[in-house]
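Here the structure is laid out as structure tokens; the discussion comes afterwards.
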Amino acid sequence: MNKELRKQFDENEGYFGEFGGRYAPEVLTEALEELQRVYKKLKKDKVFQKDVSNYLRNYVHRPSLLSFAPNLTKEWGGAKIWLKREDLNHTGAHKINNAIGQALMARYMGKKRIIAETGAGQHGLATATVGAMFGFETVIYMGDVDIKRQELNVVKMKMMGATVRGVSAGEATLKEATSEAMRDWALNVKDTHYIVGSAIGPHPFPTIVKDFQSIIGKESRKQFKKLTGTLPDAVVACVGGGSNAIGMFQGFVKDKKVALYGVEAGGRNTEPGNHSATITYGKIGFLHGTKTLIIQDDNGQIVPAHSVSAGLDYPGVGPEHAHLATSGRVKYASATDEEALSSFLEICKVEGIIPALETSHAFHFAKKLAKELGKKKHILICLSGRGDKDAAEVYRLLGSVE
Ligand SMILES: *Cc1c(COP(=O)(O)O)cnc(C)c1O
């Protein structure tokens, strides 16, 4: 990098406390620096930002609703429950907020091709969607196990013209799909933009994804104030890589009185290999170009993650969450597969909303918190996505859903 360029970068940029940074293979350095340079410019570019806002309003259907959940409030008998309805976005989850933003960036950079990794298929779906709309060649990497679990999303991606490439290495889930997408990017960086789907990866990705998802928190703060005249006492979101949570927290992190909770996947049990509760059980390490908490064994080997929900099945976590946990500003908890499945059905039956299995983890925690806080308090839950994609899998797992 020449001197002139170096001046544009702050060495500490991209770190959240001791976490984050850029630990990517050398072949990606130039692409990451280009991305950082372009993003810095676009962040302040009024025309670009207006473009993003227009698509969010007219294509994604934002602002998403923030509404009171009367039945859950009554059923749980504690704090008042409020829902931020990211499930009502076009394509059914928060992922589209980031996909739209990054697709517009790719267009601005003159790229012809976009690629992405996906676990639950929601980010693949969001990327295939913007790929169709903006006319990119689109390739989605997905673990073979997830392809089986999320067949409907795979069909949808193909319908919109994307190529879905199965990844059979290792556990054949999100971690391997991410590695494969990074490999593709390294080979094709000239004409390809890699739309990272969560607040993970080397700098500047965690910041870019956070900024595009911060619309969730910004809207929520405004909507909640308008509806109640106050702020929520607690905000709860599920954490996989951590993008819906970091976006939601963005609206409240400066309000010290608002307690923030991230809920990870506790899986089958607390043994390594059986959960995805990275913050609770992880150790510092390096994964996919960033320094963060990772589920690993005593020799520093990454241990495969497990969760009933494909979207939480990742052995790392966004570096900013690792920092927020260390600093204590956000508290992290976990819910097991069984607890999430039971909350999934409860939300369906009580509130008439089919939530994503990912979000169901947050609901389980919120139920306990509601009892603890009592009737005078308000809890806001980020309903990150809808559960249509999970309906068949839940039925298969439970046998009976009555
Ligand atoms: C992908 C996904 C998640 C997990 O990803 P984050 O980056 O942690 O938000 C959660 N909920 C839904 C519905 C998802 O599709």
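All ligand and atom numbering here is 1-based and tracks the order in the structure. Since we're looking at a predicted model, the values are computed, not measured.
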Check this for me - ligand 1, [X], N or O atoms closer than 3.5 angstrom, yes or no?
X    : value
H94  : yes
V239 : no
G242 : yes
A199 : no
K389 : no

Notebook entry, point to check: Among H288, E117, E264, which one satisfies side chain to side chain donor-acceptor pair (under 3.5 Å) with Y314?
Noted result: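 By the side chain to side chain donor-acceptor pair (under 3.5 Å) criterion, Y314 pairs with just one of H288, E117, E264: H288.
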
Show me which atoms of ligand 1 lie under 4.0 Å from any heavy atom of [X].
X    : answer
G311 : 4 (C)
S198 : 6 (P), 7 (O)
S243 : 6 (P), 7 (O), 8 (O), 9 (O)

Item checked: Closest non-hydrogen atom pair between A116 and Y194, with its separation ->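 A116 and Y194 have their closest heavy atoms at CA-CE1, 4.0 Å.
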
Check: Evaluating non-hydrogen atoms only, which member of Q122, K95, E358 is closest to atom 14 (C) of ligand 1?
Finding: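 The option holding the nearest heavy atom is K95.
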
Notebook entry, point to check: Where does the angle between the aromatic ring planes of F212 and F48 fall among parallel (under 30°), tilted (30 to 60°) and perpendicular (over 60°)?
Noted result: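 Tilted: the ring planes of F212 and F48 meet at 30° to 60°.
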
